[in-house]
Each structure stands twice: as C-alpha cells, then as structure tokens.
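Below is one structure; the comments refer to it alone.
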Amino acid sequence: FDRGVPNPAALYSRAKIGSVRPLRFDGADLVAALAHDVSPGARREAVVGAAVAQALGLRVGDHIEPSHGLEDGALAHAHEEVWEIVGVLHQSGTSIDGVVLINLDSFHRIEEHTASAEAGLSSLLVFPRRGVHTAMLLGELRGRSDLQVAQVSAEVRGLLERVGRFDVLFVLAAALSVVLAILSIFTSMLLAIRARRLELGVLRALGMPRARLLGLVVAEGAAVAALGGALGLVAGHALLVATGSWIESLAGFRPDASSVGAAELGVVASVALAGALAALIPGLQAYRVDVATALRHAE
C-alpha cells in the first residue's frame with residue numbers, strides 16, 4: 001500500500017491484505033464456514049488498484065460513490081452511500097490494478113442489499129487434499145442446493161476447449177521458425193566449407209588437428225544460432241515494452257518485460273544446441289579434408 005493508509009488490515013476481518021493464510025477445514029467445518037457472516041470491521045472503506053487511482057485521480061482520504069449497471073448508456077443503479085479510500089495498491093501489471101475492493105459487511109449495509117446479508121461469505125477458495133478427499137468434498141458440496149461449486153482445474157480445461165489452444169499454435173509457429181533457421185545455418189555452412197577448402201587445407205598443413213577443425217566448425221554453428229536466439233529474445237522484450245500499454249488496455253494486465261525467465265534462457269540454449277547439431281555435417285566435411293587435394297584444387 002501507499003503510505004498513509006490508516007488501517008489496511010481492517011478491510012477484511014481476520015485477514016491481512018497482501019498475505020494469504022491457508023485454512024484447514026473438514027467437510028462439515030467448511031459447510032459451516034459458508035454460513036458464517038463476516039464480523040463487523042471497517043465501515044465503508046475501500047482499496048483501489050493503481051490503474052483506478054490513476055484514471056480517477058484518487059488518493060488516500062478521497063471518497064467514491066459506487067454504482068453498477070447501465071441502461072441506455074446511463075448508470076442504472078447508484079447508491080447514496082460513499083466509501084473512503086484507505087489504500088492504493090502498488091502497480092502490479094495485472095488485473096488487480098483495475099479493481100475497487102470494499103469490505104463485505106459494508107456492502108450488506110447498503111439499504112438495497114440488506115436482504116443479502118444473511119448469505120454470509122459470497123465465495124470461498126478451497127485447496128482440498130489430493131485424492132479421494134477432493135471427490136468426497138465435491139460430492140458433499142454439490143449436493144447442497146444453496147451452493148454453486150466450481151472446480152478450478154475442470155473450469156480451466158473447459159475454457160481452453162472452448163477458445164482453443166492458441167498457445168500451442170504459437171509454440172508450433174516458433175518451432176517452425178527455429179527449424180527454418182537451423183536449415184539455413186546448415187545450408188550456409190555447408191556452402192562455406194566447400195568454398196573454404198584452401199583455407200582448411202592450409203590449416204591442416206600447418207598442423208591443426210582434425211578434431212580441432214571439427215570443433216571450430218561446430219562452435220561456429222552454435223555461436224551463430226545462439227546469437228540469433230539472443231537477438232530474438234531482446235527483440236521480443238523490446239516489443240513487450242513498446243506494446244505494454246496497448247496489451248494492458250486490451251487484456252487488463254501488463255507483461256513484465258524487465259525480467260528474463262529460465263524458460264527463455266533454456267530456449268536460447270536449445271537453439272544453440274540445435275545450431276551445433278546443424279553444423280555437425282559441415283564439420284565432418286572439414287574433418288575429412290585432404291591436404292594435398294585441397295592445395296592441388298587451389299592451384
């Protein structure tokens with residue numbers, strides 16, 4: 001939070017903002033927890049995300065009036081109650097930047113929402129033990145008519161099935177680009193070895209071992225591929241920096257372009273290895289160069 005927040009921990013009863021404390025429930029305890037009302041805490045206090053604060057010019061101590069719903073382009077439901085801004089979240093580059101958080105008990109104290117106060121908690125995220133315990137818990141909760149249960153893994157799989165695996169298409173496109181680049185390295189180095197027979201013959205005549213000549217060609221292929229991978233990595237991060245604001249406006253989050261992940265470094269290393277393998281056949285041709293034939297061909 002920005003400095004000046006009077007009591008950010010009071011936003012939610014029995015919870016600290018910015019931290020997660022796992023709770024352990026048996027099935028019966030979980031059902032009882034769903035009917036437990038939120039104890040009185042801060043009254044009409046709100047925390048806003050960085051994007052909301054920037055767009056509306058909000059600071060700690062300002063007040064907001066909530067509204068929801070649209071009819072003919074105008075607000076359909078507005079409330080006379082106002083909430084005081086007690087905290088502004090630091091920018092995270094995620095959808096959290098666009099949220100307005102209020103405590104649940106203040107929501108129930110709105111005159112039009114009083115009837116919903118008996119509902120207690122509106123949602124609860126549970127991490128059950130693996131195995132049969134998960135199935136038993138889901139079966140028990142799904143048997144209740146007053147609850148709606150959603151299994152995160154199943155919902156995510158269903159979403160991916162509906163919208164398609166676009167990530168797989170991107171990976172296949174990237175893999176195809178790498179394959180074409182490796183073929184290009186192979187072709188160019190093969191032609192270069194044939195054009196440099198005189199140089200290779202001179203190096204062999206000066207006493208360079210065959211294995212070292214092979215190693216130089218393979219190292220050249222790996223270096224070219226690694227340089228291309230590194231340049232692609234830099235270009236990708238530069239593109240993220242240039243389009244970060246546009247992506248945030250469309251998707252609600254800003255990709256982190258300042259850090260390089262282990263997966264990205266692994267891709268560069270894999271590309272370098274592929275370049276070395278592509279240079280192996282040209283390297284074997286350099287390994288088999290006959291000194292007398294190469295010099296005689298040059299004459």
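What you see is a predicted model; the values in this text were computed from it and never measured.
No donor-acceptor distance shorter than 3.5 angstrom exists from the side chain of Asp97 to the backbone of Gly49, with no hydrogens or angles considered. At distances below 3.5 Å, at least one donor-acceptor pair connects side-chain atoms of Thr187 with backbone N or O atoms of Leu183.
By the criterion of side-chain heavy atoms lying less than 4.5 angstrom apart, applied directly or through intervening Ile, Leu, Val, Met, Phe, Trp or Tyr residues, Ile193 is not grouped with Leu280; the two fall into different hydrophobic clusters. Linking Ile, Leu, Val, Met, Phe, Trp and Tyr whenever their side-chain heavy atoms come within less than 4.5 Å puts Val268 and Leu265 in one cluster. Under the 4.5 Å side-chain heavy-atom criterion for Ile, Leu, Val, Met, Phe, Trp and Tyr, Val267 and Val171 are members of distinct hydrophobic clusters. Under a hydrophobic-cluster definition in which Ile, Leu, Val, Met, Phe, Trp and Tyr are linked whenever side-chain heavy atoms come within less than 4.5 Å, directly or via other members, Leu147 and Val126 are assigned to the same cluster. Under the 4.5 Å side-chain heavy-atom criterion for Ile, Leu, Val, Met, Phe, Trp and Tyr, Val100 and Leu58 are members of the same hydrophobic cluster.
Nearest heavy atom pair, residue Val52 against residue Val99, reads CG2-O, 3.7 Å. Residues Trp83 and Ala46 approach most closely at CB-CB, 4.2 Å, considering heavy atoms. What you find for Ala278 and Ile182 is that their closest heavy atoms are CB-CG2, 3.3 Å. Nearest heavy-atom pair across Ala272 and Ala225 is CA-CB, 4.0 Å.
Under the side chain to side chain contact (heavy atoms under 4.5 Å, CB included) criterion, Thr134 pairs with Pro128, Leu138, Gln151, not counting sequence neighbours. By the side-chain hydrogen bond (donor to acceptor under 3.5 Å, both in side chains) test, Ser270 pairs with no residue at all, sequence neighbours left out.
Once rounded to the nearest 0.5 Å, the distance linking CD of Gln285 with CZ of Arg196 reads 12.5 Å. To the nearest 0.5 Å, atom CD1 of residue Ile102 and atom CD1 of residue Ile64 are 8.0 Å apart. In this structure, Leu137 CG and Arg142 CZ are separated by 9.5 Å, a value rounded to the nearest 0.5 Å. Atoms CZ and NE2, on Arg44 and His63 in that order, are 11.0 Å from each other to the nearest 0.5 Å.
The salt bridge (charged side-chain N to carboxylate O under 4.0 Å, His left out) contacts involving residues 227-245 comprise nothing, where partners must be two or more places apart or lie in separate chains. Among residue pairs with one or both ends in residues 47-58, none qualify as side chain to side chain donor-acceptor pair (under 3.5 Å); sequence neighbours excluded.
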Do any side-chain atoms of residues 231-243 form donor-acceptor pairs under 3.5 angstrom with protein atoms, and if so which ones, sequence neighbours left out?
unit_1 : atom_1 : unit_2 : atom_2 : d
His237 : ND1    : Ala257 : O      : 2.9
His237 : NE2    : Glu264 : OE1    : 3.4
His237 : NE2    : Glu264 : OE2    : 2.9
Thr243 : OG1    : Leu239 : O      : 2.7

Per-pair distances, 0.1 Å, donor-acceptor, side chain in residues 199-219, under 3.5 Å, sequence neighbours excluded:
unit_1 : atom_1 : unit_2 : atom_2 : d
Arg204 : NH1    : Met208 : O      : 2.9
Arg210 : NH1    : Tyr287 : O      : 2.4

Inset, instruction - Before giving the answer on side chain to side chain contact (heavy atoms under 4.5 Å, CB included), spell out for Val156 and Val152 the whole-Å C-alpha distance, their side-chain angles and the decisive distance to 0.1 Å. - result: CA-CA 6 Å; Val156 171; Val152 176; 4.2 Å; yes
